[in-house]
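The structure appears right after this line, and notes come after that.
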Amino acid sequence: MRNLIHQTGVRGGELISVQWSWAQEDPLLPFSEHLDLEHKVRLKWGFDEIQGSILFELTVNTSGWVSFGFSPKGGMTGADIVIGGVGPKGSYFTDRYAGGNSMPVVDQQQNYKLLSLTESDGKTVMKFQRSISSCDENDLAITNLPMKLIYAYGQADDITYHSTRRGTKELNLLKYMPRVNPPNTNFFEITMVNFTVPAKQTHYHCKIVRTPTFDRKQHIYRIEPVITNSDLVHHLLLYRCPPTVTEPFEAECYSGVNEEGMETVAVWGVGGGAFEFPEVAGLPIGGNVGDFFYRLEVHYNNPNKSAGRVDNSGLRFYYTSELRQHDAAVLMTGLAVAPGYAIPPKAKSFLTYGLCDTAYIPTVLETPHDLQVFSVMLHTHLAGRKVRVGHFRGSKQIDFLAVDENYDFEYQEVTNLGKTKTVKLGDKLLVECTYNTEKRSTLTWGGLSTSEEMCLAFLFYYPAMNLSGCISLPNETTLISEMGAKDTATWLNMMFTKTWNDTSINQYQQTLKRIDQHVMVINSNNNISSNTGLIPDLNVIPSAPCMSNSATKSLALPSLLLCLAVGVLLKH
């Protein structure tokens with residue numbers, strides 16, 4: 001038998017203590033980095049790209065003033081800075097900008113909002129918020145690219161030259177991917193082994209394997225793709241199989257044999273990279289998790305129908321015995337992958353919807369609970385242009401869980417939400433996909449092929465539940481009736497012969513949205529709860545305006561007068 005799993009041991013660095021695994025997370029501040037080598041300056045942050053805001057918490061080992069900012073080149077010139085602290089007369093906090101190596105000037109527009117400022121046990125903690133975009137010419141916009149962050153601090157509230165108490169660090173705040181090295185680290189791989197890719201446009205290949213055996217539970221904290229043919233491998237999925245699967249197996253997927261194993265464990269899409277879990281959560285494996293088999297699914301997209309290509313692609317899993325606070329899991333939501341709907345040709349912007357109603361989770365689980373969602377992967381095929389995940393509580397939309405207004409089929413990745421979002425039992429999630437088929441002359445059906453379509457959102461969350469999917473599909477009987485057909489054959493003929501123009505496309509889209517849906521919740525043992533539901537209206541939530549800090553100006557006045565009399569602050 002071919003070796004299906006490769007296991008290699010590697011020792012991690014001694015960068016983190018055991019206590020790291022049990023760090024308490026503020027769901028609004030999931031990311032953290034020390035800005036200095038001595039670990040005296042720690043920045044925590046979280047963001048909401050939909051609302052357009054970013055939240056910071058700066059902790060510095062000092063009882064004096066602290067400062068933080070963004071710099072075009074890493075120095076003072078052109079820097080966007082805040083300075084704050086707790087002095088004898090109370091808190092002070094100002095938004096400033098630097099024209100050079102001299103005292104930063106107070107910005108006329110105070111676009112940073114102070115939330116709290118405390119000083120105790122020799123530490124100053126400053127929590128503040130601002131808009132992601134640039135609010136005036138003296139603010140630097142926060143982008144998806146790495147930015148140079150600067151900091152400085154003093155030993156007292158008398159704001160004078162910082163001496164060596166300053167530094168610069170480059171971070172990508174909005175596309176942050178932590179790299180940690182917990183102790184007792186190893187990795188294993190699940191890959192194809194010398195698989196010859198068929199000379200056809202679309203092929204899904206599946207391999208059922210057993211992972212390495214562990215005496216006690218481990219946590220997977222990092223997943224990396226192992227891709228040997230980047231032009232052929234479109235996406236990878238790893239499923240945990242139910243206990244009924246007891247033997248290795250390899251064959252084409254969805255061929256009717258050994259289809260069990262639909263609890264998603266890991267997902268990777270073309271253009272994506274490695275993914276690391278937040279420090280409070282990890283994917284469980286071994287121990288009381290059970291000795292399960294896993295199913296690796298590789299989607300090969302071979303439009304040129306190349307023959308004789310051999311592939312060894314798959315996934316690498318880094319794990320540690322130092323357990324984290326929560327078990328993480330992945331939940332598939334959206335539109336069921338089935339030919340129960342079609343996207344018409346010649347459509348500039350056609351919408352489909354997949355509904356997840358978490359109120360039905362208790363029907364398939366004994367101990368259900370809320371979901372703390374921290375990351376998501378959005379997925380369509382070639383016609384996809386936008387994906388939005390609306391979050392509803394009661395009868396109202398309260399948020400977007402995730403949004404991609406410029407979806408790119410060639411660049412799919414698991415992305416951090418920027419903060420941990422709570423989905424309460426009873427909430428609804430609506431996955432909306434926008435397609436463009438202007439250059440197509442025939443119907444595009446829902447299905448597995450790259451030329452067919454999907455509308456999915458894979459949610460990474462904790463604490464883990466034994467869930468596989470929470471999806472929906474339009475009620476076919478109602479759809480046929482609403483469109484004036486008497487049976488499936490008549491409806492199919494109607495769809496294939498209809499003249500598709502703006503009017504007929506819009507009528508069909510409105511019908512799909514209006515009719516009742518089959519709403520399904522599926523647990524890890526493939527037990528399905530099927531119910532009905534209606535698609536709610538998805539609204540646009542406006543972005544927050546630029547932050548205003550007028551409320552803090554009175555507190556800042558005494559220190560402002562002091563600062564004006566001081567010379568160089570952050571001179572290099």
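The first residue of the sequence shown is numbered 1, and numbering continues consecutively from there. The shown structure was predicted, so the numbers you read here are calculated from the model rather than taken from an experiment.
- Aromatic rings from Y508 and W500 are positioned such that their centres are separated by under 6.0 Å.
- A cation-pi arrangement is found for R316 relative to F187, the charged atom lying closer than 6.0 Å to the ring centre and inside a 45° cone about the ring normal.
- Checked by atom type, the side-chain pair T490/N493 shows no donor-acceptor distance below 3.5 Å.
- Under a 3.5 Å cut-off, the side chain of E453 and the backbone N or O of A383 do form a donor-acceptor pair.
- Salt bridge status for K419 with D48: present, with a side-chain N to carboxylate O gap under 4.0 Å.
- Less than 6.0 angstrom separates the ring centroid of Y254 from the ring centroid of Y204.
- S451 and S449 are linked by a side-chain donor-acceptor pair at a separation below 3.5 angstrom, with hydrogens and angles left out of the test.
- In summary, D537 and K513 engage in a salt bridge, as defined by a charged side-chain N under 4.0 Å from a carboxylate O.
- Checked options T196, D231, T228; the residue passing with R309 is D231 (criterion: side chain to side chain donor-acceptor pair (under 3.5 Å)).
- In summary, the aromatic rings of F460 and F275 are positioned with their centroids under 6.0 Å apart.
- With hydrogens and angles ignored, the 3.5 Å screen pairs no side-chain donor or acceptor of R393 with any backbone N or O of K428.
- Relative to the six-membered ring of Y353, R514 misses at least one condition, a distance below 6.0 Å or an angle of at most 45° to the axis.
- Ion pairing between a basic and an acidic side chain is recognised when a charged N comes within 4.0 Å of a carboxylate O; E279 and R179 show no such pairing.
- The aromatic ring centres of H203 and H234 sit 6.0 Å or more apart.
- A donor-acceptor pair is defined here as one N or O able to donate and one able to accept, closer than 3.5 Å; such a pair exists between the side chain of H381 and the backbone of E452.
- Of all the heavy atoms in T499 and S504, the pair that sits closest is O-OG, 2.9 Å.
- Note on R295 versus E297: salt bridge recorded, some NZ/NE/NH1/NH2 to OD/OE distance being below 4.0 Å.
- Classification of E438 and K346 as a salt-bridged pair fails, no side-chain N sitting under 4.0 Å from a carboxylate O.
- Using modelled atom types, one side-chain atom of D370 and one backbone atom of L425 make a donor-acceptor pair closer than 3.5 Å.
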